[in-house]
Amino acid sequence: MKYDRYDHKGLESKWQDRWEEEGVFHASNSSEKPKYYALIEFPYPSGQGLHVGHPRPYTALDIVSRKRRMQGYNVLYPIGWDAFGLPTENYAIKNHVHPADVTKKNVARFKQQIRSLGISFDWSREINTTDPEYYKWTQWIFLQLFKHGLAYKKEMAVNWCTSCKCVLANEEVVDGVCERCGSEVVRKVKSQWMLKITEYAQRLIDDLDLVDYPERVKTQQKNWIGRSTGAEVDFKATTGDVLTIYTTRPDTLYGVTYMVMSPEHPLLETWADRISNMQEVREYQEQAARKSEFERTEVAKEKTGVRLQGVAAVNPVNGKEIPIFISDYVLISYGTGAIMAVPGHDTRDWEFAKKFDLPIIEVVKGGDVTKEAFTDCETGIMVNSGILDGLSVEDAKVRIREYLEEKGIGHSKVNFKLRDWVFSRQRYWGEPIPVVHCEKCGYVPLPEDQLPLTLPNVSSYEPTDNGESPLAHMTDWIRTTCPHCGGPALRETDTMPQWAGSSWYFLRYMDPHNSEALVGKDALAYWNQVDWYNGGMEHTTLHLLYSRFWHKFLYDIGVVPTKEPYAKRTSHGMILGENGEKMSKSRGNVVNPDDIVNEYGADTLRLYEMFIGDFEKSAPWSTNSLRGCRRFIERFWNLQNILVEGDAIRPELETSFHKTIRKVGEDIETLKFNTAIAALMALINEVADKGSITKGELKIFTLLLSLFAPHVCEEVWQNLGMEGLACQQSWPEYDEAKCQESTVEIVVQVNGKVRARLQVAADISKEAAISAAHADERIAAETAGKTIVKEIYVPGKLVNLVVR
RNA sequence: GCCGCUGUGGUGGAAUGGCAGACACUGUGGACUUAAAAUCCACUGGUAGCGAUACCGUACCGGUUCGAGUCCGGUCAGCGGCACCA
């Protein structure tokens with residue numbers, strides 16, 4: 001029978017419907033098979049629809065999932081919608097529609113688009129963070145955090161996005177501007193719900209040892225958490241108060257020539273009467289407060305500050321009186337909000353000392369502190385340092401610590417850069433925080449049986465300029481009674497950040513319809529943890545860190561059995577526009593996946609996105625290269641027209657087939673999808689050269705390719721007259737022995753330069769190989785009259801003759 | 001400034017310390033066609049040569065090694081992250 005040209009139209013939706021009807025991708029919660037849980041970051045259903053970048057990770061883990069199923073695993077590969085969030089809310093405001101309606105529409109569009117890609121998601125477990133049956137459990141987790149003292153309300157300076165009119169977490173501020181909209185972020189003092197992620201800082205570092213993440217992800221998380229070891233040291237002020245500082249270099253205490261306090265330091269108020277230039281101090285404080293986060297942290301700018309008149313401090317190790325300054329280069333949020341300044345060995349202190357003409361003392365030999373701060377001094381020897389003189393820096397650190405402890409003026413201290421997580425948002429489209437405020441009882445959690453606390457139906461979602469949530473206008477909803485004393489109380493009007501729903505969603509997939517618990521014990525016992533999680537690098541210090549924190553908390557209260565949520569994490573690179581720039585409407589380089597699926601088919605799109613290059617790196621889109629993948633599928637399809645009977649692999653192709661099975665299988669496990677596809681292309685070229693293909697060969701090829709291009713492979717499988725679906729077959733096995741060629745080409749080098757190639761038996765001995773090399777005419781000519789110094793044989797690869 | 005990653009043809013990219021450029025794309029030539037598209041075949045890093053072949057070539061400089069794209073030291077460039085964090 002002669003097959004017509006390959007045409008993806010109709011063929012792809014036909015098989016998508018078949019898979020769905022037969023429920024072949026549904027995971028079972030009661031299976032004898034070993035389990036495998038593959039996870040992609042669930043999408044935010046934006047109004048723009050699917051981006052051509054979405055299918056890259058989806059296809060990658062689809063390939064893994066399909067392979068695992070064929071290898072006999074019960075695979076959970078779910079999807080859902082991370083649907084709370086600002087763009088939807090902003091769109092709703094602009095167009096006077098309800099965010100829930102916008103979400104519904106966007107989800108429908110996304111779902112249709114993703115379905116057209118033939119990803120083997122288990123759609124029966126679809127979840128949506130905006131569904132009250134889902135966010136009921138997000139709220140439940142918040143209540144547990146509250147009950148365990150990990151959620152608290154605090155008056156503090158927060159990042160305020162002037163455009164979103166909303167508070168941002170530290171992780172959401174990038175280069176001093178809002179991560180989402182790029183608008184200016186200013187500091188604003190507000191009462192905020194906070195989560196004590198800092199309590200987990202050490203464990204979030206330590207437990208990275210338990211997981212298989214890319215090294216760069218681990219490093220980035222560690223840097224973000226920012227652990228440092230040092231000491232807190234008490235300096236006496238001339239007022240009699242103690243001014244405590246944090247330093248990582250207590251060994252340089254003898255080099256301290258002044259101190260600096262943050263302009264927000266509370267002791268300044270205490271000292272107001274004693275400071276004779278308090279007017280100047282207040283002016284500086286105001287100036288600092290007015291500055292945006294960006295201005296304040298700009299490195300290049302010159303140091304500013306004010307010296308306190310009438311108050312000084314005493315260096316505890318040598319009794320010298322030293323001046324105290326305030327300067328905005330010292331942050332109130334880190335350490336103790338005050339530092340000892342060692343201008344000889346710290347660049348910032350050095351600049352400041354030069355500007356204010358303060359003494360600079362060298363305490364570690366090796367640099368020239370009159371020219372610049374000598375900071376790279378960990379291997380130096382102490383000088384001008386009293387009891388530390390002559391010690392190495394390393395020994396001095398130990399000695400000074402003992403001394404501080406003895407004298408009771410200091411102790412070792414570990415500090416983290418990580419700040420607590422600012423958890424409230426002054427917006428409508430988020431999970432309501434299930435807490436009421438009672439004048440008598442304070443903040444009271446809602447009883448669990450009152451969950452979910454659903455969003456009220458408001459007519460206006462406009463964010464307010466005064467920093468209140470739009471919910472604050474809903475007087476009917478706000479006024480409630482205190483669950484504790486029954487008196488009048490007010491509901492919390494802030495909502496949770498978008499990161500809340502995504503911090504635990506992978507657990508819900510295990511048991512998405514459970515109304516009694518966020519996930520049932522049996523389901524948890526079976527699925528345990530995510531085996532392979534792929535997502536973007538941009539979430540390393542956001543979602544990935546937040547969800548690890550929540551998971552550890554759930555572990556602590558006995559809800560989940562594992563310390564870590566994800567056993568293995570990988571990351572994909574971005575797909576750029578054809579011009580090598582990031583895809584965006586304004587650059588006019590956006591490729592719409594719908595167009596590609598229509599014109600070339602989902603199989604071509606999938607194959608191309610896997611072939612495009614190194615999975616972990618960014619790669620520019622290339623329509624030409626996409627066409628090459630389409631041609632490959634056509635060549636595969638046309639194999640049907642040169643089909644001959646025979647269940648076996650022909651002997652001359654046996655090695656190639658077995659090697660390809662091995663390579664495709666191995667490459668998938670290491671994310672090398674591009675070379676797996678290259679191997680399939682090479683094999684098809686080899687087979688096509690023979691002018692025919694046996695049924696047995698085509699069966700194997702079809703199953704190998706079916707991970708990448710599942711639709712066309714189902715069709716070919718059916719055309720071959722095979723029972724059942726291709727995706728339900730066993731993964732082809734290879735025979736290691738049959739991967740070995742009987743003869744191999746080895747190269748013969750003379751002094752490292754290739755001079756000849758020989759066909760030899762694969763198992764040739766070293767002696768035989770070397771004598772074969774010598775027997776070659778060219779080699780004989782090259783080596784004639786020269787002394788053989790060394791003969792090297794690398795089995796199956798080469799002979800190298802070193803001559804002189 | 002600090003941390004991490006990456007530098008390979010015209011392009012995307014391959015190469016457990018062992019033949020650099022697999023597999024594709026592009027381009028050139030040819031076959032088929034009235035013609036074009038599609039398809040198929042050949043060539044496609046540079047220089048020299050009719051040619052077999054030779055020499056050069058993995059950002060740059062140096063080192064280790066029989067042998068380096070790969071390992072080590074230094075330099076330069078690009079990307080990502082962090083950043084007055086004491």
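Below, chains carry the letters A, B, ... as their sequence lines are ordered, and counting in each starts from 1.
- If you check every strand for non-hydrogen atoms under 4.0 Å, D614(A) touches sugar and phosphate atoms only.
- OP1 or OP2 of U39(B) sits under 4.0 Å from a side-chain N or O of R631(A).
- When heavy atoms are screened at a 4.0 angstrom cut-off, R227(A) is found touching no nucleic acid atom at all.
- Contact annotation: R778(A) reaches the phosphate of A54(B) (side-chain N/O to OP1 or OP2, under 4.0 Å).
- Using a cutoff of 4.0 Å between basic side-chain nitrogens and carboxylate oxygens, E782(A) and R778(A) are scored as salt-bridged.
- Remark: of the listed residues Y200(A), W499(A), Y546(A), Y546(A) is the sole one forming a ring-ring contact (aromatic ring centres under 6.0 Å, His included) with W421(A).
- In this structure, I612(A) reaches the sugar-phosphate backbone alone: every heavy-atom distance under 4.0 Å involves primed, P, OP1 or OP2 atoms, never a base.
- Taking side-chain N and O atoms only, K672(A) has no distance below 4.0 Å to OP1 or OP2 of C23(B).
- Both Q220(A) and A619(A) lie close to RNA chain B; mapped to their nearest nucleotides by heavy-atom distance, the more 5′-ward contact belongs to A619(A).
- Here F611(A) lies in heavy-atom contact (under 4.0 Å) with a base.
- When Watson-Crick and G-U wobble pairs are counted only if both distances are under 3.5 Å, U65(B) pairs with no nucleotide at all.
- Contacts of E791(A) with the nucleic acid, taken as non-hydrogen atoms under 4.0 Å apart, are absent.
- Within the 4.0 Å cut-off from OP1 or OP2 of C66(B), at least one side-chain nitrogen or oxygen of K790(A) is found.
- Backbone-only engagement by K753(A) is indicated by non-hydrogen atom pairs under 4.0 Å involving sugar-phosphate atoms exclusively.
- Distance from the side chain of I792(A) is smallest for C66(B) among the nucleotides A24(B), C66(B), A86(B).
- Of the N and O atoms on the side chains of Y284(A) and T304(A), at least one donor lies less than 3.5 Å from an acceptor on the other residue.
- Regarding contacts with the backbone of U39(B), every side-chain N or O of R5(A) stays at 4.0 angstrom or more from both OP1 and OP2.
- Neither OP1 nor OP2 of A38(B) sits under 4.0 Å from any side-chain N or O of R627(A).
- Residue S228(A) is in sugar-phosphate contact alone, with no base atom involved, counting any heavy-atom pair closer than 4.0 Å across all strands shown.
- Relative to the side chain of T675(A), the nucleotides A14(B), C40(B), A86(B) differ in distance, and A14(B) lies closest.
- Side chains of Y600(A) and R627(A): a donor-acceptor N/O pair is present below 3.5 angstrom, by distance only.
- Using a 4.0 Å cut-off between a side-chain N of Lys or Arg and a carboxylate O of Asp or Glu, R569(A) and E41(A) qualify as a salt bridge.
- Within the nucleic acid shown, S333(A) has no heavy atom closer than 4.0 Å to any nucleic acid atom.
- Salt bridge present: R630(A) and E634(A) bring a charged side-chain N and a carboxylate O closer than 4.0 Å.
- Base pairing analysis places U16(B) opposite nothing; no Watson-Crick or G-U wobble pair with both distances below 3.5 Å involves it.
- Among the nucleotides A86(B), G18(B), A24(B), the one closest to the side chain of D346(A) is A86(B).
- When heavy atoms are screened at a 4.0 angstrom cut-off, N674(A) is found touching the sugar-phosphate backbone but no base atom.
- OP1 and OP2 of A86(B) both lie 4.0 Å or more from every side-chain N or O belonging to Y246(A).
- Closest contact between the side chain of N624(A) and the listed nucleotides A86(B), C25(B), U6(B) involves C25(B).
- A salt bridge is absent between E791(A) and K766(A); no separation between the charged side-chain nitrogens and carboxylate oxygens falls under 4.0 Å.
- The CE atom of M583(A) sits 8.0 Å away from the CD atom of E578(A) when rounded to the nearest 0.5 Å.
- Counting any heavy atom pair closer than 4.0 Å across all strands shown, N800(A) reaches a base atom.
- Pairing for C79(B) is with G4(B), a Watson-Crick or G-U wobble pair whose two hydrogen-bonding atom distances lie under 3.5 Å.
- The R755(A) side chain lies nearest to A54(B) when the options are A86(B), A24(B), A54(B).
- Between N685(A) and A22(B) there is no side-chain N or O to OP1 or OP2 distance below 4.0 Å.
- Within 4.0 Å of E745(A), counting heavy atoms only, lies at least one base atom of the nucleic acid.
- Comparing Q749(A) and P620(A) against RNA chain B, the residue whose closest nucleotide sits nearer the 5' end is P620(A).
- When both distances must be under 3.5 Å, the Watson-Crick or G-U wobble mate of U11(B) is A24(B).
- Within the 4.0 angstrom heavy-atom criterion, only backbone atoms of the sugar-phosphate kind lie near G628(A); the bases stay farther away.
- The base of C84(B) is paired with the side chain of K303(A) by a donor and an acceptor separated by under 3.5 Å.
- Residue V794(A) has its side chain nearest to G18(B) when only G18(B), A22(B), A24(B) are considered.
- For G49(B), there is no paired nucleotide, since no Watson-Crick or G-U wobble pair has both relevant distances below 3.5 Å.
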